[in-house]
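Here the structure comes first, spelled out in structure tokens, and everything after it is commentary.
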Amino acid sequence: MDHSSMGHGVAAMDMGHGDSGQVMWQWFHTELNDTVIFSWWKVTDLPSLLVSCLLVAAAGFVLEWLRTVRTRLKDGSGSGLIAARHGTMHGGDTVGYGTFSDGSQTESDLTSFVHVRDTALFGVQTVLSYTIMLVFMTFSVQLCTSLVVGTALGYWVFGRQR
């Protein structure tokens with residue numbers, strides 16, 4: 001890795017991919033020179049930045065919707081979960097993490113449709129969460145701000161339903 005100067009006196013790490021000019025930022029920046037998650041998703045000009053910001057904001061919004069869907073399905077399922085019987089744990093987004101009521105789940109409980117459905121939705125939520133984390137790790141001020149705005153907007157729309 002070559003520590004090189006990127007114009008304006010800003011140093012970044014050249015990822016050693018020849019003359020692509022792509023860098024891995026180690027701090028928050030506003031430069032339009034990012035690769036977002038995939039090698040084909042590049043932010044190099046204003047149109048690509050605007051599309052990327054919209055996609056990232058939408059991902060944050062969908063994450064909040066998915067959290068709400070999972071919470072509502074758990075509350076309405078009557079599956080004997082701690083969070084469903086005792087209300088939200090600690091008054092926050094921890095609903096759904098206290099999933100064992102008394103340790104007496106049987107194998108049929110573990111393979112029930114409700115449990116399998118919730119496990120699949122939790123898997124989708126986890127993949128989306130980690131993907132969003134990778135977007136945030138581009139350290140692009142514009143993308144990070146879009147992510148926060150999209151997530152906050154999702155919470156504003158869906159959060160009161162939890």
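The chain is numbered in sequence order, starting from 1. Keep in mind that the numbers below use all heavy atoms, side chains included, and drop hydrogens, waters and symmetry copies.
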Thr126: partners by side-chain contact (heavy atoms from CB on, under 4.5 Å), with sequence neighbours left out
Phe122, Tyr130
Results of side-chain contact (heavy atoms from CB on, under 4.5 Å) for Phe136 - residues two or more places apart only
Phe28, Cys144, Leu147, Val148
Are Gln125 and Leu63 close enough that some pair of their side-chain heavy atoms sits under 4.5 Å apart?
yes
Sequence neighbours left out, what passes side chain to side chain donor-acceptor pair (under 3.5 Å) with Ser140? Give chain and number order.
Gln142
Using a 3.5 Å distance criterion without hydrogens, assess whether the side chain of His29 forms a donor-acceptor pair with backbone atoms of Val141.
no
Locate the shortest heavy-atom distance separating Val157 from Phe61; write the atom from each residue and the value.
CG2-CE1, 4.0 Å
Any heavy-atom pair between the side chains of Val43 and Asn33 that's under 4.5 Å?
no
Residues passing the ring pair (Phe, Tyr, Trp, His ring centres under 6.0 Å) test with Phe38, sequence neighbours excluded, are Trp40
Only one of Leu73, Val69, Asp75 forms a side-chain contact (heavy atoms from CB on, under 4.5 Å) with Thr71, so which one is it?
Asp75
When you group the ILVMFWY residues by side-chain heavy-atom contacts below 4.5 Å and let the links chain together, are Val127 and Val135 in the same group?
no
Atom pair OG1/CZ of Thr68 and Arg72 - distance to nearest 0.5 Å
8.0 Å
Nearest heavy-atom neighbours spanning Lys74 and Asp118:
NZ-OD2, 3.0 Å
Rounded at 0.5 Å granularity, tell me how far CH2 in Trp156 sits from CD in Glu64.
14.0 Å
Worked check of side chain to side chain contact (heavy atoms under 4.5 Å, CB included) between Val36 and Leu143
CA-CA 9 Å; Val36 185; Leu143 293 177; 3.7 Å; yes
Once you round to the nearest 0.5 Å, how far does OG1 of Thr35 lie from NZ of Lys42?
3.5 Å
Under 3.5 Å donor-acceptor pairs involving side-chain atoms of residues 48-59, not counting sequence neighbours:
| from | atom 1 | to | atom 2 | distance (Å) |
| --- | --- | --- | --- | --- |
| Ser48 | OG | Thr44 | N | 3.0 |
| Ser48 | OG | Asp45 | N | 3.1 |
| Ser48 | OG | Asp45 | O | 2.9 |
| Ser48 | OG | Asp45 | OD1 | 2.7 |
| Ser52 | OG | Trp41 | NE1 | 2.7 |
| Ser52 | OG | Ser48 | O | 2.8 |

Note, Trp65 side chain near Phe158 side chain (heavy atom, < 4.5 Å)
yes
Heavy-atom closest contact (Leu110 atom, His115 atom, distance)
O-CD2, 3.2 Å
Distance from Ile132 atom CD1 to Met137 atom CE, nearest 0.5 Å?
14.0 Å
